[in-house]
Amino acid sequence: MVLVLYANMYSFVFLQLLTLYVLSCSVPGFLAGNDNSKDYCIIGAGPGGLQMGYFLERAKRDYVIFERANTSGAFFIRYPRHRKLISINKRHTGKTNKEFNLRHDWNSLLSDDESLQMRHYSKEFFPPADDYVRYLRDYAKNLELNIQYNTNIGNIQRVAKETDGNVTHHFTMDDQSGNGYTCRYLIICTGISTPNDPDFLGSEHTDSYDDMSLDTDDYEGQSVLILGRGNSAFETADHIVGSTNLIHMISRSRLRLAWETHYVGDLRAINNGLLDTYMLKSLDGQLEGDVADMMIIKRSDGKLVLGVPFDRDALSELRRDLENGNISSVNISERFNVDEMTVDTLDFGLPDNFALRDPYDRIIRCLGFKFDFDIFNSKSCNVTAGQGRKKKFPAIKANYESLKVPGLFFAGTNTHSLDFRKSAGGFIHGFRYTARALHNILEWRNHKVPWPSVRQPITELLNHIIKRINEASGTYQMFGVLGDVIILANDDTEYIYLEEYPLKMLHAIPGITGYSANRILVVSLEYGYDFSGPGKDVFRRNRAIGEPSEAHLSNFLHPVIYFYKELPSIEAMRLISKHPGAVLPEPVKVHHMVEDFLTDFSAPVSHVLVLRRFLESCIEQDLRNFFDNQCFWMALTHSSPPESCKTFFLKGQRLPPYFELQGSLTREQYFGEEETIKREMEAQRHREADPIDELKPDVRNVGFGFEEHSEL
């Protein structure tokens with residue numbers, strides 16, 4: 001009997017465990033100890049979602065990442081269609097500095113695991129997309145990110161809840177199985193992954209980038225028209241150019257080359273082979289035109305005819321008839337008798353030398369991607385689109401929060417409306433840093449954890465800035481968008497250094513970082529105004545500046561330091577948005593460091609000296625370092641010796657004379673007895689003839705024998 005009871009008990013326990021296991025496998029969102037409620041919900045496990053997940057994981061926050069596919073980085077399983085990334089994988093820089101090397105690694109996400117760098121996954125300069133999928137899978141697995149796969153989130157709503165008279169808000173959402181989830185803060189990281197397929201007459205006769213054949217034999221001996229002239233369009237053209245009769249490309253905007261605009265989203269050199277065949281007279285060609293003003297008609301022989309009606313009223317009438325079901329594409333073909341391809345029978349009023357008068361075998365749509373707004377319940381979570389050319393992105397504020405939905409944030413490519421065509425926020429090597437900025441914002445906003453900072457004596461400021469502008473990757477990649485902010489503190493004897501702060505939020509430093517601020521310096525990396533752009537000759541002979549006195553005319557990326565005696569107002573920040581070339585409001589003082597061919601801003605005179613003098617003019621202090629006997633003399637002759645002497649020598653720390661640094665030599669041994677006497681007499685004459693004025697900006701080094709050896 002006892003054995004039977006034990007057997008029944010074990011059977012019951014086994015059945016309970018089996019039920020739990022089946023539920024955990026079959027019901028998305030069913031997690032052990034999880035009531036489907038989290039502080040943070042991240043939608044999307046692409047690069048942006050994984051990067052946000054990493055920061056939340058390291059901060060030990062309560063979060064989950066929802067991913068509709070069964071793996072992370074699912075976008076890259078299909079795109080780019082021709083399986084070659086255009087983000088560079090520069091494995092060697094000649095340096096071992098990890099931060100510097102990230103300037104030239106456009107694929108790796110930020111982490112504390114050095115094995116998770118793209119250079120370990122591919123040796124190719126432009127890596128295969130399949131290698132990147134493998135990298136993202138390892139990133140998610142090795143860092144143990146909390147990802148719930150096979151969960152397609154939709155019906156996102158913002159809901160109010162009243163507790164003890166206090167109204168709070170949270171977000172609810174459902175998955176494809178009807179399971180509900182709740183979170184306090186929502187971060188959308190779904191990217192720009194929905195193909196942009198505008199509706200135009202005859203679009204049903206075209207192929208799309210999304211479903212086009214990748215077999216080049218299918219294009220053998222064909223004439224092809226490609227709609228669009230972005231990287232996906234040129235990538236497609238390069239893939240099939242060896243098989244086709246000709247390739248024509250058409251787009252409403254002019255061609256923009258990345259090397260002339262300094263915007264990595266424009267046409268990259270790796271994809272622009274068709275420009276050669278166009279300009280070198282090999283049948284291929286480029287045209288400007290809007291597909292919305294066109295119609296595509298299929299002839300009975302399968303050829304595709306492109307028409308551009310001059311009569312806009314007739315075009316509008318055709319659109320209405322199609323939408324109302326009064327006619328079909330077949331009726332259109334009959335109406336215009338397209339089998340007889342002449343201008344008269346088409347009755348478009350086009351000239352007989354119309355550029356696109358010949359029929360095509362294929363027309364391929366390569367019109368880019370846009371954000372998917374359908375995941376939101378528009379009644380309670382009205383996420384709006386940007387304006388103009390930014391309409392493919394959600395409209396957001398400078399702190400990455402939705403323009404109209406409080407508590408809803410965006411990370412990854414979604415945030416590119418803030419720096420569209422200006423910086424790299426729409427790409428991995430840019431948004432990995434904006435994701436970190438968002439995390440820092442949320443840490444102070446929700447958990448009162450201040451922005452990461454370093455507090456140091458003012459004597460360290462010069463070296464700190466020089467180090468950052470020569471190594472930092474965040475401000476390098478997100479030039480003009482993220483910058484270092486230096487808060488002057490304790491009567492300018494100390495400073496607080498904040499890295500990679502969103503410059504559009506400069507007016508809100510206390511509310512964003514947790515630090516009070518008044519007098520500040522801002523370090524930004526910028527290109528010269530009006531240097532780059534479509535049609536600009538960026539290779540002109542006088543494109544670079546080498547004279548420090550003309551640093552403000554620098555064209556290539558160079559540091560710009562702004563000084564404010566008080567934070568700019570929100571009105572001043574709004575005004576700069578009306579001036580495309582402006583990065584920040586007018587400061588009290590500004591200093592441009594002259595551009596450098598090696599991007600090395602440590603030249604003793606051209607960079608360091610002029611920067612030091614600018615900083616000294618801002619804080620009205622001498623920032624040079626002095627040896628101990630110099631500090632001793634100035635302590636006896638000045639009411640207020642330089643700050644470095646106060647910080648070190650007068651507190652019992654000393655920097656020994658230069659000759660002592662060479663070993664245990666005495667003055668006489670180092671200089672020689674005769675030279676020692678000569679130097680003592682010369683130093684005395686200087687002291688008598690030119691006593692040091694403590695307010696003089698370029699104080700002489702008056703100690704024994706240090707004129708040649710003192711630091712700048």
Return yes if some donor-acceptor pair links the side-chain N/O of [X] with the main-chain N/O of [Y] below 3.5 Å, else return no.
X	Y	answer
D537	R540	yes
D372	S193	no
N414	P394	no
Y209	R81	yes

Under the salt bridge (charged side-chain N to carboxylate O under 4.0 Å, His left out) test, which residues partner [X], sequence neighbours left out?
X	result
E99	none
E220	none
K98	E114

Testing the 3.5 Å rule here: is there a donor-acceptor pair between the side chains of [X] and [Y]?
X	Y	result
D211	S208	yes
N150	N70	no
H239	Y219	no
R365	T206	yes
T151	D175	no
Q222	R362	yes
H104	N101	no
D113	S115	yes

Worksheet item: Stepwise, does the ring pair (Phe, Tyr, Trp, His ring centres under 6.0 Å) test hold for H416 with F427?
Response: CA-CA 8 Å; H416 196 31; F427 311 92; 5.5 Å; yes

Taking the side chain as C-beta and beyond, is there a heavy-atom pair between [X] and [Y] under 4.5 Å?
X	Y	value
E595	L557	no
R91	F125	no
F371	T194	no

Anything under 3.5 Å between a donor and an acceptor, one on a side chain of residues 127-137, the other on a protein residue two or more places apart or in another chain? List them.
unit_1	atom_1	unit_2	atom_2	d
D130	OD1	R83	NH2	2.7
Y132	OH	N107	O	2.8
R134	NH2	Y121	O	3.1
Y135	OH	L109	N	2.9
Y135	OH	L116	O	3.1
R137	NE	T71	OG1	2.8

Worksheet item: Of all residues at least two apart in sequence or in a different chain, which pass the ring-ring contact (aromatic ring centres under 6.0 Å, His included) check with F539?
Response: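 Counting only residues at least two positions away or on another chain, F539 forms a ring-ring contact (aromatic ring centres under 6.0 Å, His included) with W259.
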
Discussion item. D266 and salt bridge (Lys or Arg N to Asp or Glu O under 4.0 Å): which single residue from R256, R254, K422, R421 fits?
Written reply: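 Per the salt bridge (Lys or Arg N to Asp or Glu O under 4.0 Å) rule, the option paired with D266 is R421, out of R256, R254, K422, R421.
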
Practice prompt. State whether F420 and K390 meet the cation-pi test: NZ (Lys) or CZ (Arg) under 6.0 Å from the six-membered ring centroid, and within 45° of the perpendicular axis.
Written response: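 The answer is no, since K390 fails at least one limit relative to F420.
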
Worksheet entry | Within residues 224-252 or reaching into it, pairs that qualify as salt bridge (charged side-chain N to carboxylate O under 4.0 Å, His left out) - sequence neighbours excluded |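 Only R229-E288 qualify under salt bridge (charged side-chain N to carboxylate O under 4.0 Å, His left out).
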
